[in-house]
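Down below is the structure, laid out as structure tokens.
The structure presented is a predicted model; accordingly, all values stated were derived computationally and were not measured. Numbering of ligands and ligand atoms starts at 1, following listing order. Computed over heavy atoms, backbone and side chain alike; hydrogens, waters and symmetry mates excluded.
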Amino acid sequence: MIDHKDRTSNTQWGSKLGFIAAAAGSAVGLGNIWRFPYITGQNGGGVFVLFYLLCVIVLGFPIMVAEVTIGRTTQSSPVRAYGELSNHSRLWQTVGLVGVITGAVILSYYSVVAGWGLHYLMLSLVGWFPQVNTPEAYTNLFDSLHQSVGLNIWWQSIFMIITTWVVLRGVRGGLEQVANIGMVTLFGIIVVLTIYASTLPGFGSALDFVFGHAERFTWVSALEALGQAFFSLSLGMGAMLTYGSYLKLHDDTVGTSLVISLADTAVAVAACLIIFPITFSVGLEPAAGPGLVFINIPLALHQLPFGGVGMFVFFLLLFIAALTSAISLLEVATAFLIDSLGWRRLKAAIICGAIVYFLGLPSAASGGSGLFGNGMEQLIGMTWFDAVDYLASNWLLPLGGIGISLFVGWHINSQRRLSEFREGSWLGSLGWVYSVWVFLIRWFAPGAIAFVMLNVLGILS
Ligand code: PFF
């Protein structure tokens, strides 16, 4: 057994609240505000949302505890953590490495969407929106941004520079500081916008759509909901593991994971309760796809009281949410290079930022008519952007989830697993909580994820 010392203080969170803010900041992101509402719309609301909530409770939360606890006990980034607890097994280290690569892939297109948010934030700041209130005018506005490779690259560059800058400032001075400020602002904005949306005439139909509607639920929808749970909770690629590694050895991991999961879920539901009332109040379609928040929100807000301010506040929310998540995506690769190659943080962050940036250029070009956009769409039915999003969130993250579950459920010494689970945690010291968790991690999580995947592949049905 490896006996670890705490990390030095500048690579540790300044406080427990700092960790919660940073981890919730990682979880709450474009996944909640941009992705969840639009895939809920595409999958018909209702049953999809319930299945998503189920995935969060029985898969997401237990896996988050596993990741954060492995991070805390090894005080190391994913690849080293897997290595240390498995006698340097190649196989397990590869699982960690796949996570690092998945993070880079996700950030490569995530930064493009965040860039759209920045563009709209600028538009709302200068009040430059179409004068005519037609869906076509706002669709054109989004399309012209989406299709312009130059504009996409411009905003993506700015977003990546900001993200890299925060990461190179380190755990306390960068990650934690931005998360503390960002999360307070974010929750404030969410509350205000939810109250605003609840006064709109479409609120009733929105509630009905999100919770009461049932249609088109298939295995493919199940995999989407499952993938979305991993994406939204930042699981399956070592982000929570890395953040857990900056905890002190005796900090609680079970209770804090519960708080983070709840916060993330609350924001996802709130985002639907903000976006759908606005959408329905002006008679728009919920199944608009990735453009949902970029077309419906400005179009609708434009026609509503205090719409101009609402627009600015909404896109500010989107930007903060995107930034605190992007930071965690970049931190995984950066921590890997610091831990495994002994690089300085400055060098590691800049090199990772640059690699992700270049990896993201095809995504930035995906709205255009070139190879990565139309070209690929004709070849495989998806643009580069859609393909990497689909691959990373529906397959790589859940596969990473199977990896961490099997590792913690079967590979780790059971005495150590029990004592680590209990360490510093009131919730973790309850015997039945531990038993349920072990069952979920050992059997249920790997089995259920594999079952859904095999069905989607048509192997079981
Ligand atoms: N959870 C983030 C979101 O919902 O936008 C995205 C994300 C961050 C996914 C970090 C994975 C990750 F490791």
Side-chain angles (χ1 to χ4, degrees), residues 21-40 52 55-56 60-61 63-64 66-68 71 77-78 96 98-117 159 163 166-167 175 178-179 182-183 186 190 224-245 257 260-261 263-272 290 293 317-336 352 356 388-401 403-404:
S26 166
V28 174
L30 294 173
N32 306 57
I33 300 165
W34 161 73
R35 203 171 185 276
F36 185 61
Y38 98 70
I39 65 170
T40 296
Y52 169 80
C55 289
V56 169
F61 169 59
I63 290 179
M64 189 183 293
E67 275 203 27
V68 176
S77 60
V98 171
V100 174
I101 296 168
T102 305
V105 170
I106 294 181
L107 186 54
S108 77
Y109 68 87
Y110 202 85
S111 54
V112 174
V113 182
W116 299 344
F159 185 77
T163 307
V166 178
V167 170
L175 277 52
V178 171
M183 283 300 103
L186 183 136
I190 295 268
E224 289 249 347
L226 185 94
Q228 174 64 19
F230 278 89
F231 188 88
S232 192
L233 294 169
S234 304
L235 298 174
M237 50 154 277
M240 287 298 168
L241 195 158
T242 306
Y243 273 24
S245 78
S257 297
I260 297 158
S261 309
D264 184 68
T265 308
V267 175
V269 172
C272 284
V293 303
L317 166 74
L318 196 79
F319 170 66
I320 297 173
L323 180 63
T324 50
S325 299
I327 291 168
S328 71
L329 287 160
L330 191 61
E331 177 66 17
V332 174
T334 305
F336 163 67
C352 290
V356 168
V388 283
D389 179 38
Y390 176 74
L391 185 74
S393 33
N394 289 359
W395 296 93
L396 292 175
L397 293 182
L399 281 172
I404 187 90

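To the nearest 0.5 Å, atoms OH (Tyr110) and OG (Ser393) are separated by 11.0 Å. The structure places CG of Asn394 at 7.5 Å from CG of Asp389, a figure rounded to the nearest 0.5 Å. Here the CZ-CD distance, from Phe336 to Glu331, works out to 13.5 Å after rounding to the nearest 0.5 Å.
Nearest heavy atom pair, residue Tyr243 against residue Ala22, reads CE2-O, 3.4 Å. Here the shortest heavy-atom pairing between Val100 and Ala333 reads CG1-CA, 3.8 Å. Taking all atoms of both residues into account, the shortest heavy-atom contact from Ala225 to Tyr52 is O-CD1, 3.6 Å. Considering all non-hydrogen atoms of both residues, Ala270 and Ile190 come closest at CB-CG2, 3.8 Å.
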(Q) As a quick check of understanding, evaluate side chain to side chain contact (heavy atoms under 4.5 Å, CB included) for Met240 and Ser257, giving each step before the final call. (A) CA-CA 9 Å; Met240 287 298 168; Ser257 297; over 6 Å; no
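Ligand-side atoms of ligand 1 in range of Ser26: 1 (N), 2 (C), 8 (C), 10 (C), range being under 4.0 angstrom from any heavy atom. Atoms of ligand 1 lying under 4.0 Å from at least one heavy atom of Leu329, given by number and element, are 8 (C), 10 (C), 11 (C), 12 (C), 13 (F). Listed by number with element, the atoms of ligand 1 under 4.0 Å from a non-hydrogen atom of Met237 are 11 (C), 12 (C), 13 (F). Atoms of ligand 1 lying under 4.0 Å from any heavy atom of Ala239, numbered from 1 in the order shown and given with element: 13 (F). Annotation for ligand 1: atoms under 4.0 Å from non-hydrogen atoms of Leu30 are 5 (O). Per-residue contacts place Asn32 under 4.0 angstrom from the following atoms of ligand 1 (heavy atoms of the residue considered): 4 (O).
Looking at ligand 1, you won't find any N or O of Leu397 less than 3.5 Å from one of its N or O atoms. For Gly31, a nitrogen or oxygen atom sits less than 3.5 Å from a nitrogen or oxygen atom of ligand 1, counting backbone and side chain alike. Taking any N or O of Ser328, backbone or side chain, none lies under 3.5 Å from an N or O belonging to ligand 1.
Looking from atom 6 (C) of ligand 1 to the surrounding protein, the closest heavy atom is Phe231 O, 3.6 Å. When hydrogens are left out, the protein atom nearest atom 4 (O) of ligand 1 is Ala27 O, 3.0 Å; that is the closest non-hydrogen contact.
Judged by the shortest distance from any of its heavy atoms, Tyr110 lies inside the 4.0 Å radius around the atoms of ligand 1.
In the candidate list Gly238, Ser234, Gly103, Ser234 is nearest to atom 10 (C) of ligand 1, counting heavy atoms.
Side-chain contact check for Met237 versus Leu397: some heavy-atom pair is nearer than 4.5 Å.
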